[in-house]
Amino acid sequence: MTTPLRILAAGDPYITAAAFHHGLRARLDAAHDLEVFQVGDVTPARLPGVREYAGDPAALAGRVAGFDVLVVHGAAVTSEVLASPGLRLVCCARGGPVNVDVAAAHERGVPVTNTPGKNAAAVVELTLAFMIMLARGLPRAQEFLLAGGELGASTFEGAEFFGGELGGRALGVVGYGQVGRRVARAATALGMDVNAHDPMVDPESFEPGVRSASLERLLACSDIVSLHARATAENENLMSRDQFAAMQRGSLFINTARESLVDEEALRSALENGHLGGAALDVVRPAPGRNPLLGRPNVIITPHVGGATFETIDRGIAMVADEIARLASGEALRHRV
């Protein structure tokens, strides 16, 4: 038996109100009452219990009264929002619900769910693209054309831009969660030799063909090192001067995880002195002015596009809809934080 619920979905610049309406309405029982609205832009200020949020929390607090379920992606769910009487569930359509005051929700007995792994496939594909682009030296080839180099049909033109294939290379995966595990699986299928390091994961659960290694051993034996660790206070600057020095000369470095894991000045030094052969970063530390790594012929930087696919959005909304259906039918929530 399904209990009709009143659902409020707050869209933001990443997952819009229209996307929530379309995705939830297509998946939920018509008996549920669904209302959506759009919050404002991303807000740089931090509030108690929340960060990386969009819009004005007061506006959300003024609308949530009378609803059973609140659905958000980046809207700030503060203690004031959670004080709404009758609120039974908060669904956050992102992996880390940093915009939700989870402690306040726990104190009020309001369960919070998230959507772990919704962007894993997208980040894996970007990581593989980075590996191929660096191994083949594509940034340098692109720079040649941008600087006025001529396009032609001759086979011999490629002689200046020889690169390498991934098969047979050694990959070091740092962090063996939703993304790291899939990167290792894909790399193994491509014929790469894969080592992984994650002190929080039992090596017995590693994919066939993936070996467990200490961070020191992994850095020393890898042609490519790819970061997929969750950011914590303990692993800030996990990759710093000593770690880059421990990598093989000419090896490649990829970060599609979090910017706080990398000492960017140490990375720049390792690239400039030729110790590293290249780097690809989907996340960098915010700083005024132009990032000094931009424009290097062996560096790729993208503006945090790892999870920015239409499929990621649809997958996250589908996971939210499943949690709402479970609440309505009295089943246990699948991804309770």
Q: Take Ile324 and Cys91 through the test side chain to side chain contact (heavy atoms under 4.5 Å, CB included) and record every step on the way to the result.
A: CA-CA 8 Å; Ile324 295 172; Cys91 296; 4.1 Å; yes
Q: Do Asp314 side-chain atoms and Phe310 backbone N/O form a donor-acceptor pair below 3.5 Å?
A: no
Q: Is atom CZ of Arg25 surrounded by more than 12 heavy atoms (other residues, nucleotides or ligands) closer than 6.0 Å?
A: yes
Q: Check whether Tyr176 forms a cation-pi arrangement with Arg181 (NZ or CZ under 6.0 Å from the six-membered ring centre, at most 45° off the ring normal).
A: no
Q: Flag yes if Leu70 and Leu47 sit in one hydrophobic cluster, no otherwise; membership is Ile, Leu, Val, Met, Phe, Trp, Tyr, and two members link when side-chain heavy atoms are under 4.5 Å apart.
A: no
Q: Contact between Met131 and Ile254 at the side-chain level, heavy atoms closer than 4.5 Å - yes or no?
A: yes
Q: Go through the steps for Val39 and Val72 under the test side chain to side chain contact (heavy atoms under 4.5 Å, CB included), then give the verdict.
A: CA-CA 10 Å; Val39 303; Val72 299; over 6 Å; no
Q: Short question: side chain of Asp12, backbone of Gly74 - any donor-acceptor pair under 3.5 Å?
A: yes
Q: For residues Asn291 and Glu264, determine if any side-chain heavy atom of one lies less than 4.5 Å from a side-chain heavy atom of the other.
A: yes
Q: Backbone N or O of Gly95 within a donor-acceptor pair of the Asn114 side chain at under 3.5 Å?
A: yes
Q: Does any part of the side chain of His304, heavy atoms only, come nearer than 4.5 Å to the side chain of Val283, both counted from C-beta?
A: yes
Q: Check the pair Arg140, Asn298 against side chain to side chain contact (heavy atoms under 4.5 Å, CB included), reporting the backbone distance first and the verdict last.
A: CA-CA 6 Å; Arg140 186 167 65 90; Asn298 59 347; over 6 Å; no
Q: Give the intermediate values and the outcome of side chain to side chain contact (heavy atoms under 4.5 Å, CB included) for residues Ser212 and Phe206.
A: CA-CA 8 Å; Ser212 175; Phe206 282 14; 3.7 Å; yes
Q: Do any N or O atoms from the side chain of Arg169 and from the backbone of Glu165 form a donor-acceptor pair under 3.5 angstrom?
A: yes
Q: Decide whether Glu80 and Thr78 meet the rule of one side-chain donor and one side-chain acceptor closer than 3.5 Å.
A: no
Q: So, the side chain of Arg88 versus the backbone of Asp68: is there a donor-acceptor pair under 3.5 Å, distance only?
A: no
Q: Do the side chain of Gln248 and the main chain of Cys221 share a donor and acceptor less than 3.5 angstrom apart?
A: yes
Q: How far apart are the C-alpha atoms of Glu265 and Arg268, what are their side-chain angles, what is the distance that settles it, and do they pass the salt bridge (charged side-chain N to carboxylate O under 4.0 Å, His left out) test?
A: CA-CA 5 Å; Glu265 180 56 36; Arg268 182 162 70 96; 2.9 Å; yes
Q: May I ask you to test the Val90-Val81 pair for a side-chain heavy-atom distance under 4.5 Å?
A: no
Q: What I want to check is whether the side chains of Ser226 and Thr127 have a donor and an acceptor closer together than 3.5 Å.
A: no
Q: Using a cut-off of 6.0 Å, state whether more than 12 heavy atoms not belonging to Asp202 lie near its atom CG.
A: yes
Q: Does one side chain, of Asp282 or Thr302, offer a donor that lies under 3.5 Å from an acceptor on the other?
A: yes
Q: Does any non-hydrogen side-chain atom of Tyr14 lie less than 4.5 Å from one of Arg94?
A: no
Q: Counting distance only, does the side-chain N/O of Arg211 pair as donor-acceptor with the main-chain N or O of Asn195 below 3.5 Å?
A: no
Q: Given 3.5 Å as the limit, does a donor-acceptor pair link the side chain of His32 with the main chain of Leu5, or not?
A: yes
Q: Are the side chain of His275 and the backbone of Met247 linked by a donor-acceptor contact shorter than 3.5 Å?
A: yes
Q: May I ask you to check whether over 12 heavy atoms, not counting those of Arg285, lie within 6.0 Å of atom CZ?
A: yes
Q: Using a 3.5 Å distance criterion without hydrogens, assess whether the side chain of Asn237 forms a donor-acceptor pair with backbone atoms of Ser240.
A: no
